[in-house]
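Please read the structure below before turning to the comments.
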Amino acid sequence: MTTCPAFRRKKVPPMTAPTRYTPSEIEARWQAAWEKDDIFKAVRKADMPKYYVLEMFPYPSGRIHMGHVRNYTLGDVIARYKMAKGFNVLHPMGWDSFGLAAENAAMQKGIHPGEWTYQNIEDMKNQMKPLGFSLDWSREIATCHPDYYQHQQAMFIDMIEAGLIYRKNAIVNWDPVDMTVLANEQVEQGRGWRSGALVERRELTQWFFKISDYSDELLGALDNLENWPAKVRLMQENWIGKSRGLQFAFSTIFDPEGDATISPPDGHDRIEVYTTRPDTLLGASFVGISPDHPIAKLLERDNAEVAKFVAECRKGGTTEEAIETGEKLGLDTGIRVRHPFDTGAELPVYIANFILMDYGTGAIFGCPAHDQRDFEFATKYDLPIISTYLPSEDAAEELTEAYVPQKTEKVFYNRGFAGEQWQTGLEAIDAAITFCESQGVGQGVTKFRLRDWGLSRQRYWGCPIPVVHCDDCGVVPEKKENLPVKLPEDVTFDIPGNPLDRHMEWRTTPCPTCGKDALRETDTMDTFVDSSWYYARFTAPHADTPTVMEDAEYWMNVDQYIGGVEHAILHLLYARFFARAMQITGHLPESAVEPFDALFTQGMVTHAIYKSVGADDRPIFHYPEEVELKGDQAFLKEGGAEVEVIPSAKMSKSKNNVVDPLSIISDFGADTARWFVLSDSPPERDVEWTASGAEAAYKHLSRVWNLCNRIATIDTAREGKGNDDLLKQMHKTIHDVTMAIESFGFNAAIAKLYGFTAAIQKSDASQAVQREAILTLAQLMAPMTPHLAEDIWEKLGGEGMITTTPWPVADEAMLVDDTVTLPIQVNGKRRGEIDVPADMPKDEVEKLALAHPNVIRILDGGSPKKVIVVPGRIVNVVV
RNA sequence: GCCCGUGUGGUGGAAUGGUAGACACGACAGAUUCAAAAUCUGUUGCAGCAAUGCGUGGCGGUUCGAGUCCGCCCACGGGUACCA
């Protein structure tokens, strides 16, 4: 900034522009200009095509991180690009502001969850504003605000009436010391994270959405989501898990040895099982039931051994991962069942800790020969292993592991009972179902893995479930005119558990039906409910009904939804269900049951971890700003000790490798931060944040800015050279960048913009052409670096604001090349190249290729077997 | 465990089945400077003086041609229903 004396001595041309790119000045000025004109405020305009861009709204943790910057920059590029393409853009922002972290903060810091949350929202908004996103802040919503959740409560009541919600028992993680329900993430290795007590599974009556009624619908509709990533559709398909199988019953023999130690439970003379592999029925060697199966529960009452075992099974967390990876345990109940086709055979009934009551019938038969888990179970409990099919007719039956071929593979059925001896698994399954049905042994049924959505949470910081428990009238929805059921504010978190349970003043309320004193429901809703309809609320954020039909009809669906792939299943599936539920209850039009037309899933932002070892052998993680990099090595700024560099880890507070975007913005400006998060990596991949990359981005933007100033001072009368070349490259760049933005190839777009910048820099074209080139460059950069683009536009006399200027259109005539360079391959290896006219016929290209010195040398007088000419691409000579 | 991804130079990455390494970082060399920073120019996959050979996590396959398609394996990441 300061001018040194040596510089002053030189003859300096009179300066007409500031000498340095200063983003802080530029960015503040343009943000004020956009705000003054309210250009991002979305207003319904019937005569304009709309475009709704939505990024998954953030949880207000208090600090934005680079992941947010990336997510919202991606959305902003689309929003600004679509605006330039003439769309009426809706680009709103809000806060997913109920959740566990606020209660944790309350416990740790003694601050009220509401106060903590609202302060975080304020802070994060202040951190986001300098980034210059094209957001319509007038539509801001926070899910923890009664203005939002009262409508959720109203819809909840509508959905109860529509039969979409019911109550049933379900299992939770119970901390027996803290006497509280734990979230899965609060269970560490089977123990409560605070108390350290072994977690138990406990049953509670809870609220459920009947999402499973829509399994087939949600599955089938995936086919129409063409603009969703295939991987997300596949993940949802597998999650819903449609299967066809056989459901049948084994008849039970309760007293096989005649000593009558086990009393036959009433109504349990049969055990219903479901199997997707009925073709393995003759290989069955045991029956397994869930510890939560009615028979297990009956036996538990008067059999101490069973009671002990079942109690053991109930220890540990509830996650599928914990159950599947834990040790497989079983207990022989003494009960036997008859095999339906081998009436002489009796199979033992085991209670097994890996069988889920929620899936199928809560009971299975085990076929150890064709299922690795059953194989291990059979080995452990010394049960027979009986093959039903073999890889060949003479293959040995002795197995050292389960034989599990693809279902599409043909195998030899040595104990088949339906269909051919040689058939595929799929054929055998169908044949087995048909045969069993004809014999009156069960029937073919379709089942889904998808379970109903349990929405009850035994927590304070969530949307209260608007129902009342009355001694006389039972469970009754609150009257709509009494909404919102607001959370009480006078609560404390010094005692574990849900403060709502203890708040008798809040709980006590008149029964909506009979008026007598009754008690409020103290469960609150899963935060996935909040995020299942915010996209719809954004279309009419201040309405006194959940949605407004005209607005929903105009703005829905979301044209482009952007967020992390970690939401591929739960959030996105729940939102799809909820849109249907809203349609049924009259809150969304039929056309909006699939609310997200296109989905883009972006990767994480990662950063190296700097680690050293402290005196007590415990690892110390250093912040990036504490570390100085020299090549591959890193040293502490203080003391100079070398630290270990662990590359590319997910940014995490506990590892101190979180880069604060605010410091990047204050050092280099928002445009640099935006340019950098877009530049190096494709948006769907994880991106490594490096300080050097950010500096490079800043240098480039400075170059563009300097270039603009230089062009402003060129003599306008100068003729210049290479005008057409620069214009040609300009049109190619318009074309390439437009295509790249349309396909989320922002990193590729930026590479083209680098190339075009270099071309302008080296160009000797006239001032008019150079001016046109850099104005176009500014337009193409505007979605990414809007402040810099506006500044260039203004300096070189562009009309109005660049943000509201239509997107440039490439001249098709300028895109075609007269000649092309064709690589010449011999046997697929590149051996040379030739320049030919673009429209040269194949046989002439072939002649030229064969005349190439390298080809002649390799052919060595012989003739080629074959010559492949792909016009405009390649020539391959096969010898 | 199960489901879904990802894997390319020293680094981030590019490449409708058609010249592997665009663009950028870093490094090296040069210009400029009293000197440095900044800026500008050039070189840079590996081996080799070179001709050339080898190269996209590993092994195999399809193809005139494979980073790209298929099969198996390895490593890492996401999800696994109460983190959001």
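Numbered from 1 within each chain, the chains take letters A, B, ... in sequence-line order.
For Ala696(A), counting side-chain heavy atoms from C-beta on, the closest listed nucleotide (A84(B), C40(B), C25(B)) is C25(B). When each of A81(B), C3(B), G18(B) is scored by its nearest atom to the side-chain atoms of Arg873(A), the top-ranked nucleotide is G18(B). Set against A22(B), G13(B), G5(B), the side chain of Leu234(A) has G5(B) as its closest nucleotide. Nearest to the side-chain atoms of Ile569(A) among the listed nucleotides G79(B), A84(B), C40(B) stands G79(B). Between G18(B), C83(B), U41(B), one nucleotide has an atom nearer to the side chain of Leu100(A) than all others, and that is C83(B). For Pro823(A), the listed nucleotide lying nearest its side chain is U19(B); candidates were A84(B), A81(B), U19(B). The side chain of Asn747(A) has G13(B) as its nearest neighbour among G13(B), C40(B), A81(B). Distance from the side chain of Lys231(A) is smallest for G5(B) among the nucleotides G5(B), C72(B), A81(B). The side chain of Lys829(A) approaches C54(B) more closely than any other nucleotide in the set C72(B), A24(B), C54(B). With U52(B), C83(B), C23(B) as the choices, the nucleotide that has an atom nearest any side-chain atom of Asn184(A) turns out to be C83(B).
For Tyr574(A) and Trp453(A), the ring centers sit closer than 6.0 Å to each other. Not less than 6.0 angstrom separates the ring centroid of Tyr534(A) from the ring centroid of Tyr148(A).
The closest donor-acceptor contact from the side chain of Ser97(A) to the backbone of Thr143(A) lies under 3.5 Å. Counting only distance, with no hydrogens or angles, the side chain of His370(A) and the backbone of Tyr403(A) share a donor-acceptor pair below 3.5 Å.
Put simply, CZ on Phe98(A) is 17 Å from P on C83(B), counting in whole angstrom units. Here G5(B) presents its C1' atom at 7 Å from CE of Met235(A), a figure rounded to the nearest Å. Atom CD in Glu684(A) sits about 19 Å away from atom P in C4(B), given to the nearest Å. Look at CZ on Phe577(A): it is 14 Å from C1' on A81(B), rounded to the nearest Å. Between the NZ atom of Lys242(A) and the C1' atom of C3(B) there is a distance of 19 Å, rounded to whole Å.
The same atom, P, is picked in A15(B) and in C69(B); the two are 14 Å apart, to the nearest Å. On the P atoms, C23(B) is 26 Å away from A37(B), given to the nearest whole Å. Atom C1' of A84(B) sits at a distance of 37 Å from the matching atom of C72(B), rounded to the whole Å. Nucleotides A36(B) and G45(B), compared at atom P, are 28 Å apart to the nearest Å.
Base-pair partner of U43(B): A27(B) (Watson-Crick or G-U wobble, both distances under 3.5 Å).
Residue contacts shown for Gly755(A) are absent, as no nucleic acid heavy atom lies under 4.0 Å away. No engagement by Phe354(A) is indicated, since no non-hydrogen atom pair under 4.0 Å with the nucleic acid exists. As judged by a 4.0 angstrom heavy-atom cut-off over every strand, Pro58(A) is placed among residues making no nucleic acid contact. Val878(A) comes within 4.0 angstrom of sugar-phosphate atoms only, judged by non-hydrogen atoms across all strands, and of no base. Among the atoms of the strands shown, none is found under 4.0 Å from any heavy atom of Gln236(A). At a threshold of 4.0 angstrom between heavy atoms, the contacts of Ser531(A) with the nucleic acid are absent. Within 4.0 Å (heavy atoms only), Lys699(A) reaches sugar-phosphate atoms of the nucleic acid but no base atom.
Between Thr527(A) and the phosphate of A84(B), there is a side-chain N or O to OP1/OP2 separation shorter than 4.0 Å. OP1 or OP2 of G7(B) has at least one side-chain nitrogen or oxygen of Arg685(A) nearer than 4.0 Å.
Side-chain atoms of Thr318(A) and Asn184(A) include a donor-acceptor pair closer than 3.5 Å.
Nearer the 5' end of RNA chain B, as judged by each residue's closest nucleotide, is the contact made by Thr821(A), out of His567(A) and Thr821(A).
Taking only distance into account, the side chain of Asn876(A) meets the base of C64(B) through a donor-acceptor pair shorter than 3.5 Å. A donor-acceptor contact under 3.5 angstrom links the side-chain atoms of Glu320(A) to the base of G1(B).
Salt bridge Asp452(A)/Lys210(A): absent, no basic N to carboxylate O contact under 4.0 Å.
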